[in-house]
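Side chains are part of it too, since the values below use all heavy atoms of this structure and drop only hydrogens, waters and symmetry mates. These numbers come from a predicted model, not from an experiment.
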There are 2 protein chains.
Amino acid sequence: MAFTAKGRATRQRIIEGAAGYLRSDDPGNVTLDDIRAATSTSKSQLFHYFPNGKEELLLAVAQYESDRVLADQQPFLGSLDSWDAWEQWRRVVIGRYRAQGPRCPLAALIGQVSTVPGAADVTASLLRRWQEHLRRGILAMQESGEVAPHVDADRTAAAFVAGTQGGVIVLRSTGDTFHLEAVLDALISHLRGGGPARPAAE
Amino acid sequence: MAFTAKGRATRQRIIEGAAGYLRSDDPGNVTLDDIRAATSTSKSQLFHYFPNGKEELLLAVAQYESDRVLADQQPFLGSLDSWDAWEQWRRVVIGRYRAQGPRCPLAALIGQVSTVPGAADVTASLLRRWQEHLRRGILAMQESGEVAPHVDADRTAAAFVAGTQGGVIVLRSTGDTFHLEAVLDALISHLRGGGPARPAAE
DNA sequence: CGCGGTTTGGACTTGAGGGTCCAAAACCGA
DNA sequence: TCGGTTTTGGACCCTCAAGTCCAAACCGCG
């Protein structure tokens with residue numbers, strides 16, 4: 001089972017080719033033949049590099065795609081330490097998803113392998129990393145006094161994650177970013193405005 | 001093609017049976033045989049009542065389920081005219097989805113028929129009705145002076161829709177309602193706190 | 001050059017599942 | 001009761017796609 005350099009290159013080519021295929025035109029159901037065609041490989045190669053078949057292959061692609069999701073939000077996501085950075089981040093997120101349109105390769109993938117146990121892990125891990133970046137950003141803002149100290153950073157980060165996800169979901173069925181923008185604006189403004197449930201006697 | 005009373009009853013039994021089956025244990029892929037088993041019908045009945053086959057059947061089930069989504073949030077969703085109503089609504093939503101757990105019959109359905117054109121319509125229609133209820137609620141709150149008049153009701157309603165969707169999505173992969181609660185709290189508190197981007201010179 | 005391995009091509013098998021069809025049963029109005 | 005219509009059962013067909021397998025090509029190495 002030791003792959004040579006050539007072997008590893010082929011494996012990678014399969015993953016990237018499959019990812020590209022998924023990103024191109026909405027492919028209701030992906031078949032191994034589609035992937036074969038998109039990557040100019042043979043059936044035996046697919047099973048050679050992914051012995052557990054389609055499941056394993058799609059999971060690898062999902063992993064690959066999920067890394068891109070966060071990478072695409074950099075460098076802003078990594079240093080949300082000023083209101084300007086937050087605005088930039090918002091811009092990048094909206095731009096990215098507007099460009100992507102109703103197609104979401106990751107969602108499509110997860111949909112196809114939702115039955116296998118590993119799929120949930122990929123999603124969960126992505127969400128966790130995403131949320132962690134946001135949490136750090138909020139903490140940084142608190143340290144520099146731009147966000148009120150009583151804000152629960154983790155919970156607010158969770159709200160951002162949920163909001164973004166929801167915006168993207170809605171985008172998938174409506175095709176426009178109105179909801180995504182609305183929820184991001186609401187949450188950022190909420191963050192600016194001093195956090196949850198200010199005591200009445202403030 | 002005119003169904004008698006008995007026929008209509010059978011058709012309905014199929015829809016409800018299929019919905020029940022989808023709601024029960026996570027059924028990766030639904031097959032007509034699954035539905036047959038779950039509803040004690042024969043193949044010919046399925047095609048008799050849904051001439052376009054699986055597609056049409058699942059779409060009908062999706063429609064049925066999507067009506068339930070809103071019905072489950074009543075009566076609160078229909079009269080969000082006090083902070084108390086909003087809190088009750090929040091409670092009901094969270095309770096419903098907590099009970100549902102990571103399974104989302106509607107999402108599962110849409111996933112299966114995402115290729116057929118009608119599927120997007122079912123989702124879009126559901127989201128539109130949902131948002132409209134929220135919008136009315138916000139307007140009512142503005143009329144009674146509980147929400148600042150400069151809040152954009154439609155946009156804020158959109159933020160709620162996106163947030164809720166996202167919370168549910170995250171719930172699907174983590175299994176708990178932390179994110180859903182966080183985003184709902186953030187948005188409600190945002191609403192209470194005076195809305196988006198208050199002019200600096202207020 | 002020959003010998004181990006890895007890599008590749010592609011024909012073949014297999015099974016699942018959607019959809020068709022016909023005939024039997026039940027139903028209903030006259 | 002009778003004839004037409006609706007409803008139901010279930011055997012059958014047919015396609016599509018995952019997975020298997022074997023042999024050929026390739027590649028490095030002594």
TODO: Would you classify Phe50(B) as touching base, sugar-phosphate or nothing, given that sugar-phosphate means primed atoms plus P, OP1 and OP2, and contacts are heavy atoms under 4.0 Å?
DONE: nothing
TODO: May I ask you to decide if the ring planes of His190(B) and His190(A) are parallel, tilted or perpendicular, using 30° and 60° as cut-offs?
DONE: perpendicular
- [ ] Ignoring hydrogens and angles, state whether a donor on the side chain of Arg36(A) or Thr41(A) is under 3.5 Å from an acceptor on the partner side chain.
- [x] no
- [ ] Could you tell me whether the side chain of Lys43(A) has a donor or acceptor atom within less than 3.5 Å of a complementary atom in the base of dG19(D)?
- [x] yes
Task: dT8(C) OP1/OP2 closer than 4.0 Å to side-chain N/O of Thr10(A) - done: yes
Task: For atom NE2 of His48(A) and atom C1' of dA24(D), their distance in whole Å - done: 15 Å
TODO: Tell me whether the OP1 or OP2 atom of dG9(C) has a side-chain N or O from Ser42(A) closer than 4.0 Å.
DONE: yes
- [ ] Test Glu132(B) against every option in Arg129(B), Arg128(B), Arg135(B) by the salt bridge (Lys or Arg N to Asp or Glu O under 4.0 Å) rule and name the one that passes.
- [x] Arg135(B)
Task: Residue Phe47(A), side-chain heavy atoms: nucleotide from dG19(D), dG18(C), dA17(D) that is nearest - done: dG19(D)
Task: Mutual orientation of the aromatic rings belonging to Trp86(B) and Trp89(B) [parallel < 30°, tilted 30-60°, perpendicular > 60°] - done: perpendicular
- [ ] Take atom CD of Gln112(B) and atom P of dG17(C), then tell me their distance rounded to the nearest Å.
- [x] 11 Å
Open item on the list: Just N and O in the side chain of Thr4(A): are any of them under 4.0 Å from OP1 or OP2 of dG28(D)?
Closed with: no
- [ ] Choose from dA18(D), dT7(D), dT8(C) the nucleotide whose nearest atom is closest to any side-chain atom of Leu32(A).
- [x] dA18(D)
Task: Nearest-Å distance for atom pair CG/C1', residues Leu58(B) and dG18(C) - done: 12 Å
TODO: Taking only the side-chain nitrogens and oxygens of Thr41(A), find out if one of them lies under 4.0 Å from OP1 or OP2 of dT8(C).
DONE: no
- [ ] Specify the separation, in whole Å, of atom CD of Glu56(B) and atom P of dG18(C).
- [x] 15 Å
- [ ] Let me know the distance between CD of Gln12(A) and C1' of dT7(C), rounded to the nearest Å.
- [x] 17 Å
Task: dT6(C) phosphate, OP1 or OP2, under 4.0 Å from Tyr49(A) side-chain N/O - done: no
Task: Gap between atoms CZ and C1', on Arg8(B) and dT7(D) respectively (whole Å) - done: 14 Å
- [ ] State, to 0.1 Å, how close Arg96(B) and Asp72(B) come at their nearest heavy-atom pair, and which atoms those are.
- [x] NH1-OD2, 2.6 Å
- [ ] Look at the side chain of Lys6(B) and decide which nucleotide, out of dC27(C), dA18(D), dT20(C), has an atom nearest to it.
- [x] dC27(C)
Open item on the list: In this structure, how many angstroms lie between the P atom of dG18(C) and the CD atom of Gln45(B), rounded?
Closed with: 17 Å
Open item on the list: Distance criterion of 3.5 Å, no angle test: do you see the side chain of Ser44(A) paired donor-to-acceptor with the base of dG9(C)?
Closed with: yes
TODO: Send over the distance from Asp33(A) CG to dA11(C) C1', rounded to a whole Å.
DONE: 13 Å
